[in-house]
**Q** 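So that we are looking at the same thing, I have put the structure below in structure tokens.
Note on naming: letters A, B, ... go to the chains in the order of the sequence lines (proteins, then strands), and numbering restarts at 1 for each one. The shown structure was predicted, so the numbers you read here are calculated from the model rather than taken from an experiment.
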Number of protein chains: 2
Amino acid sequence: MADRMADGTTDRLARSLGRSPAVPPTLADVAERAGVSRQTVSNAVNNPDLLRADTLARVQEAIDDLGYSPNRAARNLRTRASHLIGMRINPAQEGTANATMDRFVHSLVETSGEAGYHVLLFAGTHQDPLEGYDDLLRSTAVDAFVVTDTYLGNPQAAWLESRRAPFVAFGRPWDNPAATHPWVDVDGAAGAELATTHLLDRGHRRIAWIGWRKDSFIGEDRRAGWSRALRSRDLPTTGLASRVEDTVASGREASAVLLDEAQPTGFVCASDTLAMGVLHTLAQRGLVPGRDVAVVGFDDSQVAQVVPPGLTSVRQPLEDVAVGIVKALEDILNHPSRPPGGVLLTPTLAVRGSS
Amino acid sequence: MADRMADGTTDRLARSLGRSPAVPPTLADVAERAGVSRQTVSNAVNNPDLLRADTLARVQEAIDDLGYSPNRAARNLRTRASHLIGMRINPAQEGTANATMDRFVHSLVETSGEAGYHVLLFAGTHQDPLEGYDDLLRSTAVDAFVVTDTYLGNPQAAWLESRRAPFVAFGRPWDNPAATHPWVDVDGAAGAELATTHLLDRGHRRIAWIGWRKDSFIGEDRRAGWSRALRSRDLPTTGLASRVEDTVASGREASAVLLDEAQPTGFVCASDTLAMGVLHTLAQRGLVPGRDVAVVGFDDSQVAQVVPPGLTSVRQPLEDVAVGIVKALEDILNHPSRPPGGVLLTPTLAVRGSS
DNA sequence: GTGAAAGCGCTAACAG
DNA sequence: CTGTTAGCGCTTTCAC
């Protein structure tokens, strides 16, 4: 011990000769300065209640003077926790209006930061949905994952469950009702119903739907909201729906066909991308959105916000999603026994010039 | 040592009774299974050349069997490196077309992943530009930072330099030519010149500029490209430039005034957000972008890509920026002595219907 | 309330 | 080429 102290002091000396905190101070440095043991400093940081007020003050002063912050690696090693949340991001989709995930990342970073967690991003490809998770898990680099693309029917959830890895999903376990992980999702049917009802309130009676292919759970969910709203007023849906790929071109083509064959006065779309396709068709035909034909998108992307004359769009409460996910994360991390549940949030409608 | 071995064996037993890799295997587990020392396993992972081929194969087999991956916390503690790159993200800007940073994050995550680094995101506010950096630095949570909003004249760069913290900036040190940190940037003047020349080639002679306020280094740089292109052909710039805030409304108002007072046939804008403002004005006046008036934006946002009839826009090579930044990061981390430099990349033009 | 001892899992340095 | 020793900085018992 005496040896170590001596070495420590020498280190201090060497460090103070250097310019800046190139080598950060350690617990031992603080202890020495405050004239207490290392454990006392640790307690001052982690269990301040255990210290006498005057001791705490003295230690705190030393901490401030030295600019001490506990070394994460050491703490992580000891506590077997990294306070890092892993999240995989897929390549950015160009040529679409989709930016939900980017907006969500912002919310997640802010919310988890308040809870003392940082977000670790890793890359993934659509080819191998499991890529990246395994390594991070085995090397105990993260405490938990946030899984976001459950809608693809991806196997991450099942795989993570089998590895007993803590995670929370943004999105319901559509294809696995027996799933036991916590999740947070937004009620897409309610969103589409909100959008459709909005158009009904504006006097529209023939309202078309442009959505995704039938194998998309989310797409079918949103579509159900549209048909529910129309049926509740005994209005027709036949011939008014189209299921296409999520591209601007598909939205453009689908809306052209619908306009010709079904004469709708309004469109509700499963995404802003598809809604932009509708705007393309209207522009081509010299029709003015909001005056001649009403259009509503989904996700309230930046595109919806800035395109003239403004695209009315269903807005997912991503901030609340992040809050719910972080809450669920803390739950499973701190109370592993507690049974996990799901949370379904309700979207709102951002009304703009297109309706 | 014998004690420890015995304990280790007991641990193994306990673990194997559990279902899954709830407790990941350690170096010692692999060593025991392969019948070698722990150090040999470490070498197999980090310096495979040091091992004889047959030993390596045996160790590798044990590693695979056990699904071993080195514990990051332990490795980080020992090597004093986290292989984490910190990056601060500001709150998402709603109501604008700006998404450069989101696109950049994707590229950075992918590129740094290939180099063995993960990206740690932390939140920040415009209020305190230093918030978050200090703690991460002192707790040695990250090996380096990527600083992105140098354009605000923010003090991070100077502060990080004074703390001798490794970092690379996306953006030139405009306000500090003496800066000694590496940086990567995109030549905004070249981009605006490219855009302006494009309109000149299409026959336009009166080309207006809508840019940012004079205190924006980036804005002035881009503006210089516009005026350079016009002056080189002896064309007028007087009365054709406007400096406003980066909002759609400002772009709308500025373009309306310019249209009335200077009769431009084309607009080059410092951002897609401003360009969208121009599209608003055109829509209001029944003018068709690309036919009646040409518009070019900056950043090639999703908005530019999907808005009818497509917004021509200067595209920053963010993938190359990320590659350059990661390269610089590896340089300063592995060769701290090597003098850092700056890299200036040239943007391209994505031509669409608006021109 | 405070202090001493132990050890998380790994790798750098050296010994064989 | 392989094994032994030591210790990164911290927190968790457990004495005092």
**Q** Show me the donor-acceptor pairs within less than 3.5 Å that the side chains of residues 101-109 of chain B make with the rest of the protein, sequence neighbours left out.
**A**
from   : atom 1 : to     : atom 2 : distance (Å)
B:R103 : NE     : A:E94  : OE2    : 3.4
B:R103 : NH1    : B:D299 : O      : 3.4
B:R103 : NH2    : B:Q316 : O      : 3.2
B:H106 : ND1    : B:D102 : O      : 3.0
B:H106 : NE2    : A:N90  : O      : 3.2

**Q** Between D:dC8, D:dT11, C:dG3, which nucleotide has the shortest distance from any of its atoms to the side chain of A:S37?
**A**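 Ranking D:dC8, D:dT11, C:dG3 by closest atom to the A:S37 side chain puts C:dG3 first.
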**Q** At 4.0 Å (heavy atoms only), tell me whether A:N46 reaches a base, stays on the sugar-phosphate, or touches nothing.
**A**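 Sugar-phosphate, no base atom in range.
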**Q** Out of A:V321, A:V323, A:V326, which one pairs with A:V184 under the side-chain contact (heavy atoms from CB on, under 4.5 Å) rule?
**A**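 Among A:V321, A:V323, A:V326, the one that satisfies the side-chain contact (heavy atoms from CB on, under 4.5 Å) with A:V184 is A:V321.
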**Q** What orientation do B:H83 and B:Y117 show, parallel under 30°, tilted 30 to 60°, or perpendicular over 60°?
**A**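 B:H83 vs B:Y117 ring planes: parallel.
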**Q** Side chain of A:Y68, heavy atoms from C-beta onward: which of D:dC10, D:dG9, C:dT11 has the nearest atom to it?
**A**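 Among the listed nucleotides, the one closest to the side chain of A:Y68 is D:dC10.
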**Q** Check every atom of C:dT2, C:dG9, D:dC10 against the side chain of B:N71 and return the nucleotide holding the closest atom.
**A**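 Looking only at side-chain atoms, B:N71 lies closest to C:dG9.
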**Q** Starting at the 5' end of DNA chain D, which residue's closest nucleotide do you reach first, B:T79 or B:N43?
**A**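 The residue closer to the strand's 5' end, by nearest nucleotide, is B:N43.
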**Q** Verify the contact: side-chain N or O of A:R75 to OP1 or OP2 of D:dT11, cut-off strictly under 4.0 Å; return yes or no.
**A**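 Answer yes for this pair, as a side-chain N or O of A:R75 is under 4.0 Å from OP1 or OP2.
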**Q** Ignoring hydrogens and angles, answer whether the base of C:dA5 and the side-chain atoms of A:Q39 contain a donor-acceptor pair closer than 3.5 Å.
**A**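 Side chain to base: pair present.
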**Q** Sequence neighbours left out, what pairs pass salt bridge (Lys or Arg N to Asp or Glu O under 4.0 Å) with at least one residue falling in residues 68-77 of chain B?
**A**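 Listed once each, the pairs are A:D135-B:R72.
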**Q** Go nucleotide by nucleotide along DNA chain D from the 5' end; which of B:R78 and B:R58 gets its closest nucleotide reached first?
**A**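 Nearest-nucleotide comparison on DNA chain D picks B:R58.
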**Q** Describe the nucleic acid contact of B:L51 in one word from base, sugar-phosphate, nothing, applying a heavy-atom distance below 4.0 Å.
**A**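 It contacts sugar-phosphate atoms only.
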